Asks: 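Below is a structure I'd like to ask you about.
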Amino acid sequence: MAETSLFHSIRIDKKKCIGCVACMKICPTRAIRIRNQKANIAYGKCIDCGECMRVCPQNAIVPITTSSADLNRFKYKVALPSPVLYFQFGHHIMPHEILSVLKEIGFNHVYDEALVCEMVGLAIEQYLDENKSPRPIISSTCPVVVRLIQRLFPTLCKNIVPIEPPREIAAKNLRDELSKEKNLLKEDIGIIHITPCAAKMVSINHPATMKKSFLDGAISIREIYNSIMMKIKKLGRPSILQTQNRISGIGIGWSIPGGEIRALKYHNCVSVSGLHDTIKILEDVESGKLKDIEYLECLICPDGCVGGPLTVENRFIAKSNALRLIRMYGGKKRVDSNFVKKLYNDKFFSFESSVQPKPFPPLDTDRTKAIKKLKFKEKIARKLSGKDCGLCGAPDCITFAEDVARGEAKLEDCIYIKIKRSKGEGKYEKKKT
Amino acid sequence: MQSKILLQQNFEIKGGDFINAGESSIKIRNILKDIGIDSDIIRRVAIVAYEAEMNVVMYARHGKMHLYVYSNKILLKIEDRGQGIKDIDLAMQPGYSTATEEMREMGFGAGMGLPNIKKNSDVFNINSTIREGTKLEIKINLNNKNG
Ligand SMILES: Nc1ncnc2c1ncn2[C@@H]1O[C@H](COP(=O)(O)OP(=O)(O)OP(=O)(O)O)[C@@H](O)[C@H]1O
Ligand code: SF4
Ligand SMILES: [Mg+2]
């Protein structure tokens, strides 16, 4: 079945799109083509990294998150913010104040992930203790990395740590607790992640490792930022929430690079952030090159979630805010490791199902035909200019050659081929050599 | 049963070129993905190709890697001109390595390359002549689902 925009976190506003090549050029999986002067996403190739959204000069690429109508379906609304939300505000606004403002703007309950981050850290450690291969084990936190692995590095699906990230575990736990405590039906509780990226929306609507996500939706930091600011202006300093004083340095630390590995007892762990560096290191892992690394934390955004596409604050400032908060709250662990061990053994943290490879479709499902097409692709590639001009509507010459081989583009769409043909093949060849 | 070659591709490997080292195995991987080879098989070919390529980069002047795809197997041949291996049995021992200090600095030299190649192949042959060069031949069977 072909994937549609329903499975993804972005769509293109065709009215705003002017068909420039910015998004097509930046797309790491070459999922975008320009057709009839408009960008088109081949959703089967999209990994929801958000790079296109960052570079679009027309703001024509729109993130899809939970609408307020969707939110109002729930009787009891719970906000589960990524700690990155805390870093968007300056010195004078503290995390617990932000949490209490969230209660002023329509949420019935708010929850900080910190304790759960500690728990998940311990669970990862236990997994590493019990499973000595394969290596390295790769973090499951960033949904884009999981998708990137499914698509581009399917052989590494086995390396992904089969433990749900803190946001899912927190939601799982919360729903149980709240339904008991407040005597609510589980389906009346809407647990909404406040997110730095739209990719979470996909992991909520179409989770890779379970039938249904424990979260009910996601709202971007960018969408909610103004309401928080306005409320603070109006109310002055918000009253501090008494019951939710659980914020910890370790939890906050999870959302900046190195956060997951800082708490691990294993020493040979590596943290990588940014799209291109992530792809590079996964290539090395696939070659079997980095077997001495125990745990690999990969985050698709530059500097991790603080550099998420739907944040407000400049990522360097946000990071500095994060470091200040970590210092302030300290690094004391507060979770009982025996309790976590018990939960771990009960599979509380575990994936329901393993991450399945979803490689790009081969040139043809019939191998003999695929090989023919591969040869054809290479033959076409040799004819092309190698200028990667993008005028044909494909991001580069090789991809265009592949499109032609797959029957999705015509050779004449290349302007150089057209010129060559109109001038007569021979003349052009002579000039070139 | 002898089946015919569906695809052949050749790659040059330059000894001592650590900057571009690994490129050929990435290209091979992409070709196999293009033609729909099973991801477990790709994983094994990737490891074999990478380790063999790195050995050429580290211990030889120049080499060639040939990829052959048959309907029922993948064949990799790697031939280099270089120092050759004096004692093949010894070189095959896990942990045996003559890598220099610099190579170890770069993370090579665990002495696991050849053992890993062998482990990941269905048929493995090695021939070497001292001061001339080394030849490897690796076959990996395809569990044929789609011809
Ligand atoms: N193509 C080659 N030419 C010459 N000598 C080789 C070649 N391949 C391997 N050797 C010799 O065999 C030894 C063992 O090779 P092997 O690939 O198993 O380990 P390594 O290359 O030393 O370390 P690693 O592969 O783990 O980085 C090498 O140290 C080298 O002395
Ligand atoms: S790094 Fe963080 S913000 Fe960026 S895509 Fe991954 S999870 Fe989202
Ligand atoms: Mg080696």
Side-chain angles (χ1 to χ4, degrees), chain A residues 29-30 45 133-136 149-159 268 270 279-293 354-381 398-399 401-403 405-406, chain B residues 3-10 18 21-54 67-74 104 106-110 112-113 115-117 119-120 142-147:
Chain A
T29 57
R30 300 182 187 89
K45 290 185 181 169
S133 82
R135 286 295 186 265
I149 290 175
Q150 288 180 294
R151 295 289 192 208
L152 253 47
F153 302 96
T155 65
L156 300 183
C157 283
K158 295 189 196 85
N159 294 56
N268 208 0
V270 172
I279 290 178
K280 188 91 207 15
I281 201 140
L282 292 176
E283 273 171 358
D284 287 350
V285 174
E286 202 174 45
S287 301
K289 206 176 178 178
L290 302 173
K291 284 214 187 71
D292 52 335
I293 296 177
S354 56
V355 180
Q356 292 303 314
K358 280 190 181 170
F360 290 157
L363 292 171
D364 200 294
T365 44
D366 177 297
R367 184 162 305 142
T368 319
K369 282 186 193 155
I371 288 172
K372 259 197 198 127
K373 287 184 182 174
L374 178 76
K375 289 176 183 165
F376 186 44
K377 166 182 157 184
E378 285 171 349
K379 195 173 139 203
I380 295 166
I398 295 288
T399 309
E402 181 167 334
D403 286 354
R406 284 182 189 270
Chain B
S3 70
K4 78 176 207 287
I5 299 174
L6 302 175
L7 179 72
Q8 182 193 351
Q9 297 255 338
N10 310 315
F18 283 89
E23 295 279 307
S24 307
S25 43
I26 290 180
K27 281 185 197 145
I28 288 181
R29 222 142 67 188
N30 289 337
I31 289 171
L32 299 184
K33 285 175 186 173
D34 264 353
I35 62 172
I37 303 287
D38 193 69
S39 67
D40 278 319
I41 304 270
I42 298 182
R43 185 187 183 106
R44 288 165 60 201
V45 178
I47 291 170
V48 166
Y50 176 75
E51 292 293 354
E53 181 178 3
M54 285 319 302
L67 165 76
Y68 304 86
V69 179
Y70 295 80
S71 63
N72 60 349
K73 65 172 178 274
I74 287 173
R104 284 169 206 267
M106 288 190 275
F108 304 109
M112 290 308 294
N116 265 334
I117 295 176
K119 197 177 93 193
N120 283 292
L142 297 171
N143 40 351
N144 270 326
K145 278 178 288 193
N146 43 8

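Protein chains get the first letters and strands the later ones, always in sequence-line order, with residue 1 at the start of each. Every value quoted in this text rests on a predicted model; they were computed, and no experiment measured them.
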Asks: Rounded to the nearest 0.5 Å, how far does OG of B:S39 lie from CD of A:Q150?
Replies: 11.5 Å

Asks: Which one wins on heavy-atom pair count under 4.5 Å against chain B: A:S287, A:P361, A:C157?
Replies: A:S287

Asks: If we only count heavy atoms from C-beta on, is the B:K33 to A:F360 side-chain gap below 4.5 Å?
Replies: no

Asks: Pick one of side chain, backbone, both or neither for B:I37, based on which atoms fall under 4.5 Å of a heavy atom in chain A.
Replies: both

Asks: Please state whether the side chain, the backbone, both or neither of A:I371 comes within less than 4.5 Å of a heavy atom of chain B.
Replies: both

Asks: Check each atom of B:N30 against the heavy atoms of chain A and say whether the ones under 4.5 Å are side chain, backbone, both or neither.
Replies: neither

Asks: Under 4.5 Å from any heavy atom of chain A, what part of B:E53 do you find: side chain, backbone, both or neither?
Replies: neither

Asks: Calculate, to the nearest 0.5 Å, the distance between atoms CG and CZ belonging to A:N159 and B:R43 respectively.
Replies: 5.0 Å

Asks: So what's closer than 4.5 Å to chain B heavy atoms on A:L290: side chain, backbone, both or neither?
Replies: neither

Asks: Quick check on the interface: out of A:K372, A:K158, A:E283, A:E286, who has the most heavy-atom pairs with chain B under 4.5 Å?
Replies: A:E286

Asks: Identify the heavy atoms of A:R367 and B:G36 that sit nearest to each other, and give their distance.
Replies: NH2-O, 3.8 Å

Asks: Any chance you could measure A:E378, atom CD, to B:L7, atom CG, to the nearest 0.5 Å?
Replies: 7.5 Å

Asks: Relative to chain A, which segment of B:I26 carries a heavy atom at a distance below 4.5 Å: side chain, backbone, both, or neither?
Replies: side chain

Asks: Quick check for you: to the nearest 0.5 Å, what is the distance between B:D34 atom CG and A:D364 atom CG?
Replies: 11.5 Å

Asks: Rounded to the nearest 0.5 Å, what separates atom NZ in A:K375 from atom CG in B:L6?
Replies: 7.0 Å

Asks: Give, as side chain, backbone, both or neither, the part of A:K291 having an atom under 4.5 angstrom from any heavy atom of chain B.
Replies: side chain

Asks: Evaluate the side-chain proximity of B:R29 to A:T155: yes if any heavy-atom separation is below 4.5 Å, no if none is.
Replies: no

Asks: Identify which part of A:K377 has an atom lying under 4.5 Å from any heavy atom of chain B, answering side chain, backbone, both or neither.
Replies: side chain

